[in-house]
Structure formats: C-alpha cells, structure tokens
Student: 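The following block contains the structure, expressed as structure tokens.
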Amino acid sequence: MRTSTRSARSTRTRSAAGAALAATALLLGLAAAPSAQADADAKHPARTLDDLARESGRYFGSAVDNPELADTAYADLLGREFGATTPGNAMKWYATEPQRGVFDFAPGDEIVDYARANGLKVRGHTLLWHSQLPSWLTEGTWTADELRSILKNHITQVVKHYRGKVFAWDVANEIMNEDGTYRENIFYKTIGPGYIADALRWARAADPKVKLYLNDYNVDGLGAKSDAYYALIKQLKADRVPIDGFGLQGHLALQYGLPAGIEENLQRFADLGVDVAFTELDIRMILPADEAKLAQQADWYGQVTSACLAVKRCVGITVWGYSDRHSWIPAVFDGEGAALPWDEDLRHKPAYDAIRAALVAGAKKH
C-alpha cells in the first residue's frame with residue numbers, strides 16, 4: 001500500500017462518443033465470453049493468472065502488506081493465484097533502518113517467509129525513495145560525504161540481508177518530476193544526481209545476481225517523464241553503470257485517459273537492453289462503480305497486459321494488491337476506488353476476465 005499522494009495525471013481524454021462505443025463493445029464482448037471461458041476452465045481448471053503468464057515466459061504478481069497476511073482468505077488466494085509478490089512497505093527505509101545503523105528486517109522477513117512457503121518469488125521495494133524516510137535521516141544535517149556513507153551502508157546492509165531471497169530491487173524510486181527534471185529529494189540536494197549511479201553500483205556489489213531497477217509512476221506512456229528516464233538509462237548504460245530494468249508503476253485512473261503509446265514506450269526501453277515490468281498496476285475510478293466504468297477498466301487492464309506480452313523484454317506484471325478489500329486508493333484519493341481485479345469480497349470483476357483473456361491470447365502467440 002502506497003502512502004504518498006500521486007500527482008494528477010495528464011488530462012488526455014477520449015471523446016465521450018468513443019468511450020461510449022468502446023464500453024458498449026466491451027460489454028457485449030464480456031457478455032459473450034463466459035461460455036468460452038467456462039470451456040477453457042473445464043479443460044484447465046487449475047490454471048491461474050500466473051500459470052497463464054508463465055506460458056508466455058512472464059510472471060503475474062501482487063503486492064502485499066504485512067497486516068494483510070492476517071486476513072487468511074486474502075493471503076490464501078494470493079498464494080494460489082500469483083507467482084510473485086512485492087512487500088508494500090516492509091522493505092522501505094523507515095521500516096528497515098528506523099534508527100541510524102540499527103536495522104529491523106522482521107516485517108520484510110515475514111513476507112519473504114510467506115512467499116517461500118507459497119512458492120512466490122519476491123521483488124524488493126524500495127532501497128531509495130524521497131518518502132517514508134526515518135526522521136533521523138530527514139531531520140539531520142549532512143555533508144555530501146556523510147550522506148553518501150549513510151546511503152551506501154543502508155543499501156549494502158539491506159541488499160546483503162535479502163541476497164538470494166529477492167529476484168529484483170527497485171533501487172531508486174520516483175526520482176523524476178513530471179517535466180523530466182530531477183526530483184529535489186534529500187539525496188539530490190545534498191549529493192547531486194550522481195547518487196543514482198552510486199546506488200546502483202552499491203546494490204550490485206552487495207548482490208551480483210539481483211536485477212536492479214529504476215521505478216516510477218506516470219511513465220507508462222510516451223511523455224516528458226518517460227523521456228527523462230529513457231535518457232538516464234541510456235547514459236547509465238553508456239557509463240557501464242549496472243542497470244537491469246525499468247519499472248512502470250501503472251497507477252492509472254479512468255478520468256485521465258489511458259496513456260498514449262504504452263507498447264511503443266515499453267519497446268524503446270527494451271531496445272536499450274533492459275527489462276521492463278509493470279510493477280504497481282491498479283486502475284481507479286470515481287465512485288460509485290457502474291457497468292460502464294468496470295467495462296472500461298477491464299478494457300484497460302487487457303490493453304496493459306497485451307502491451308506487456310507484445311514486448312519480449314517485458315518480464316511481468318504486478319498489481320498493487322489484487323482486491324479492493326485492501327486497496328490504498330480510497331485513503332489517498334477521496335471519492336475514488338474500485339481499482340483492482342477482485343472486489344472487496346474476493347470475487348472476480350470484469351478486469352480479471354480481461355487480464356485472463358489477454359494472457360490466453362498471448363500464450364497462443366508464443
């Protein structure tokens with residue numbers, strides 16, 4: 001569960017007529033789909049979303065936060081349906097190093113243990129972020145050398161602790177502004193932009209095998225922010241800085257329109273020689289939900305899934321929690337929600353069917 005407020009997304013919108021036609025067409029399609037899906041499920045009753053994703057060489061995962069593991073029905077379904085999980089908060093700086101040099105890995109270890117018991121792999125999230133930092137760090141006065149030493153020690157200790165237990169790390173999270181300039185977080189203001197390359201090098205030294213990612217929101221399509229990451233990753237590669245992947249969070253909202261050029265955007269990063277992944281996917285709407293909104297949401301989930309499957313180096317999709325029961329959206333965006341493929345009662349929504357259909361279609365192409 002995220003705790004930071006997202007900035008408003010671009011105001012690109014489809015025409016009302018186009019959206020209505022799309023929603024109507026999708027509703028008709030969904031109405032015709034159950035019999036075909038029922039036949040497929042009868043032949044392969046145990047195939048989960050992750051099973052289907054793996055047929056195309058991907059994973060399908062869901063984030064989880066520690067309190068959610070106490071919800072037995074929720075945790076059991078997470079363990080059955082998905083192949084990967086991301087700790088929502090347990091590996092962030094405030095949780096892992098609450099006092100300088102004093103580390104607490106218990107919350108993260110709980111999720112890693114749960115994942116191992118259920119056959120899920122783990123994405124590490126996140127080593128470096130401007131938010132959810134401990135007060136001892138944000139309220140301190142540091143020289144550049146002091147803060148570099150603190151950052152190096154934090155990354156080294158956390159990555160070494162989870163070496164062999166996570167397959168990827170979001171090393172630097174949300175380091176760009178919407179216009180493509182660097183976010184002036186504590187690290188940028190004190191050390192300068194070189195902290196990004198340093199963080200990646202330190203993470204690689206601590207675990208030579210883990211995949212290292214940059215991760216951000218509002219980078220799903222083509223635009224100034226994703227352009228900035230493209231330029232940064234290209235430069236990092238040229239400078240031989242270890243960088244393995246780019247995470248597109250995928251926090252979308254129906255009222256702002258589907259970002260343009262998602263597949264093209266994924267492909268251009270893949271062409272740089274890095275993996276790409278949707279790391280925090282959810283698609284919120286202004287409440288109350290209705291059939292048209294749920295149909296549009298399903299269409300978008302299907303399109304995002306298909307875009308990933310169309311790009312060879314798109315390695316997987318993680319939804320940011322799979323059920324509206326534990327979504328972060330209502331607490332942060334007043335009057336919005338219903339963002340996930342399962343409802344509050346752990347029942348499938350049209351979004352689930354659209355994801356499944358896209359995965360089945362993708363598997364047939366491979």
Student: Would you mind reporting whether Val304 and Ile355 have side-chain heavy atoms less than 4.5 Å apart?
Tutor: no

Student: Is the Phe103 to Trp93 ring centre distance short of 6.0 Å?
Tutor: no

Student: Sequence neighbours left out, what passes ring-ring contact (aromatic ring centres under 6.0 Å, His included) with Tyr182? Give chain and number order.
Tutor: Tyr188

Student: Taking the six-membered ring for Trp, is the centroid-to-centroid distance between Tyr74 and His326 below 6.0 Å?
Tutor: yes

Student: Do Asp65 and Trp328 have side-chain N/O donor and acceptor atoms under 3.5 Å apart?
Tutor: no

Student: Step by step, would you call Leu128 with Val171 a side-chain contact (heavy atoms from CB on, under 4.5 Å)?
Tutor: CA-CA 6 Å; Leu128 182 161; Val171 176; 5.6 Å; no

Student: What's the shortest heavy-atom distance between Ser56 and Leu359, and which atoms?
Tutor: OG-O, 4.4 Å

Student: Counting distance only, does the side-chain N/O of Ser327 pair as donor-acceptor with the main-chain N or O of Ile329 below 3.5 Å?
Tutor: yes

Student: Taking side-chain hydrogen bond (donor to acceptor under 3.5 Å, both in side chains) as the definition, give me every residue that meets it alongside Asp207, ordered by chain and number, with sequence neighbours left out.
Tutor: none

Student: Is it true that, when you exclude Lys121 itself, more than 12 heavy atoms of the residues, nucleotides or ligands shown sit nearer than 6.0 Å to its NZ?
Tutor: yes

Student: Regarding Arg284 and Glu336, does a basic nitrogen lie under 4.0 Å from an acidic carboxylate oxygen?
Tutor: yes

Student: Should Leu252 and Asp282 be marked as a side-chain contact (heavy atoms from CB on, under 4.5 Å) after you check the CA-CA gap, both sets of side-chain angles, and the distance that decides it?
Tutor: CA-CA 6 Å; Leu252 306 178; Asp282 50 31; over 6 Å; no

Student: Quick one: do the Asp104 and Gln99 side chains pair a donor with an acceptor below 3.5 Å?
Tutor: no

Student: Should Tyr94 and Trp142 be counted in the same cluster of Ile, Leu, Val, Met, Phe, Trp and Tyr side chains packed under 4.5 Å apart?
Tutor: no

Student: Check whether the side chains of Asn173 and Tyr213 place a donor and an acceptor atom closer than 3.5 Å, and report yes or no.
Tutor: no

Student: Could you work out, with ring-ring contact (aromatic ring centres under 6.0 Å, His included) as the rule, every residue matching Phe82, not counting sequence neighbours?
Tutor: Tyr322, Trp342

Student: Side-chain heavy atoms under 4.5 angstrom apart, residues restricted to Ile, Leu, Val, Met, Phe, Trp, Tyr: same cluster for Leu272 and Ile262?
Tutor: yes

Student: Where do Gly124 and Val166 come nearest, in terms of heavy atoms and distance?
Tutor: N-CB, 4.1 Å

Student: Measuring only between side-chain heavy atoms, which start at C-beta, is Trp169 closer than 4.5 Å to Val158?
Tutor: yes

Student: Which residues pass the side chain to side chain contact (heavy atoms under 4.5 Å, CB included) test with Thr181, not counting sequence neighbours?
Tutor: Asn177, Asp179

Student: Do His125 and Glu280 have side chains that get closer than 4.5 Å, going by heavy atoms?
Tutor: yes

Student: Taking the side chain from Lys225 and the backbone from Tyr217, do they hold a donor-acceptor pair closer than 3.5 Å?
Tutor: yes

Student: Give me each pair satisfying ring pair (Phe, Tyr, Trp, His ring centres under 6.0 Å) with a member in residues 272-297, each pair once, sequence neighbours excluded.
Tutor: none

Student: If only side-chain N and O atoms count, and only distance matters, is there a donor-acceptor pair under 3.5 Å linking Glu174 with Asn215?
Tutor: no

Student: Lys364 and Glu55: salt bridge (charged side-chain N to carboxylate O under 4.0 Å, His left out), yes or no, with the steps?
Tutor: CA-CA 9 Å; Lys364 291 178 178 177; Glu55 290 179 15; over 6 Å; no

Student: Where do Pro341 and Tyr352 come nearest, in terms of heavy atoms and distance?
Tutor: O-CB, 3.7 Å

Student: Please collect all salt bridge (charged side-chain N to carboxylate O under 4.0 Å, His left out) contacts where either partner lies in residues 234-260, sequence neighbours excluded, each pair once.
Tutor: Arg204-Asp244

Student: Taking Cys308's backbone N and O only, do any of them form a donor-acceptor pair with Arg58's side chain (distance below 3.5 Å, no angle check)?
Tutor: yes

Student: With a 6.0 Å cut-off on the ring centroids, do Phe105 and His161 count as close?
Tutor: yes

Student: Look only at the side chain of Gln297 and the backbone of Ala338, and say whether a donor-acceptor pair between them is shorter than 3.5 Å.
Tutor: yes

Student: Write down the atom of Leu309, the atom of Ala358, and the distance for their closest heavy-atom approach.
Tutor: CD1-O, 3.3 Å

Student: Any Lys/Arg nitrogen of Glu68 or Arg325 sitting under 4.0 Å from an Asp/Glu carboxylate oxygen of the other?
Tutor: no

Student: Pairs in or reaching into residues 257-275: which pass salt bridge (charged side-chain N to carboxylate O under 4.0 Å, His left out), with residues at least two apart or in two chains?
Tutor: Asp227-Arg268, Asp275-Arg313

Student: Between Val319 and Phe167, is there a shared hydrophobic cluster once you connect ILVMFWY residues whose side-chain heavy atoms come closer than 4.5 Å?
Tutor: no

Student: Answer whether the closest heavy-atom distance between the side chains of Pro242 and Arg201 falls below 4.5 Å.
Tutor: yes

Student: What I want to find out is whether Glu184 reaches Lys189 closely enough, with some N-O distance under 4.0 Å, to be called a salt bridge.
Tutor: no

Student: With a 3.5 Å cut-off and no angle check, do the side chains of Asn153 and Thr156 form a donor-acceptor pair?
Tutor: no

Student: Can you check whether Ile186 reaches His130 side chain to side chain, under 4.5 Å on heavy atoms?
Tutor: no

Student: If the condition is ring-ring contact (aromatic ring centres under 6.0 Å, His included), which residues does Phe269 pass it with, not counting sequence neighbours?
Tutor: Tyr230, Phe246

Student: Applying ring-ring contact (aromatic ring centres under 6.0 Å, His included), run through Phe187 and Trp129 and close with a yes or a no.
Tutor: CA-CA 9 Å; Phe187 310 104; Trp129 190 29; over 10 Å; no

Student: Tell me the closest heavy-atom pair linking Leu340 and Gly321, and the distance in Å.
Tutor: CD2-O, 2.8 Å

Student: Tell me, do Met176 and Arg183 make a side-chain contact under 4.5 Å, heavy atoms counted?
Tutor: no

Student: Counting N and O atoms only, with roles assigned by atom type, does the side chain of Asp290 sit under 3.5 Å from a partner on the main chain of Ala292, one being a donor and the other an acceptor?
Tutor: yes

Student: I'd like to check the side-chain hydrogen bond (donor to acceptor under 3.5 Å, both in side chains) partners of Asp324; sequence neighbours left out, ordered by chain and number.
Tutor: Lys349

Student: Remaining members of Ile286's ILVMFWY cluster at a side-chain heavy-atom cut-off under 4.5 Å?
Tutor: none

Student: Taking Asp343 for its side chain and Asp345 for its backbone only, find out whether a donor-acceptor pair lies under 3.5 Å.
Tutor: yes

Student: Go through the structure and list residues passing side-chain hydrogen bond (donor to acceptor under 3.5 Å, both in side chains) with Tyr162, not counting sequence neighbours.
Tutor: Asp109

Student: Using side-chain contact (heavy atoms from CB on, under 4.5 Å), reason through Thr86 and Thr279 one step at a time and then give a plain yes or no.
Tutor: CA-CA 9 Å; Thr86 304; Thr279 56; over 6 Å; no

Student: Any salt bridge (charged side-chain N to carboxylate O under 4.0 Å, His left out) involving residues 125-148? Give me the pairs, sequence neighbours left out, ordered by first then second residue.
Tutor: Arg148-Asp198

Student: If I compare all heavy atoms of Ala144 with all of Thr190, which pair ends up nearest, and what's the gap?
Tutor: CB-O, 3.4 Å

Student: Let me see the working for Asn89 and Asn66 under side-chain contact (heavy atoms from CB on, under 4.5 Å), right down to the final yes or no.
Tutor: CA-CA 8 Å; Asn89 289 292; Asn66 294 75; 6.0 Å; no

Student: Measure the shortest side-chain to side-chain distance between Thr318 and Leu281 over non-hydrogen atoms and say whether it is less than 4.5 angstrom.
Tutor: no

Student: Can you see whether Tyr59 has Arg54 sitting over its ring - NZ or CZ less than 6.0 Å from the centre and within 45° of the normal?
Tutor: no

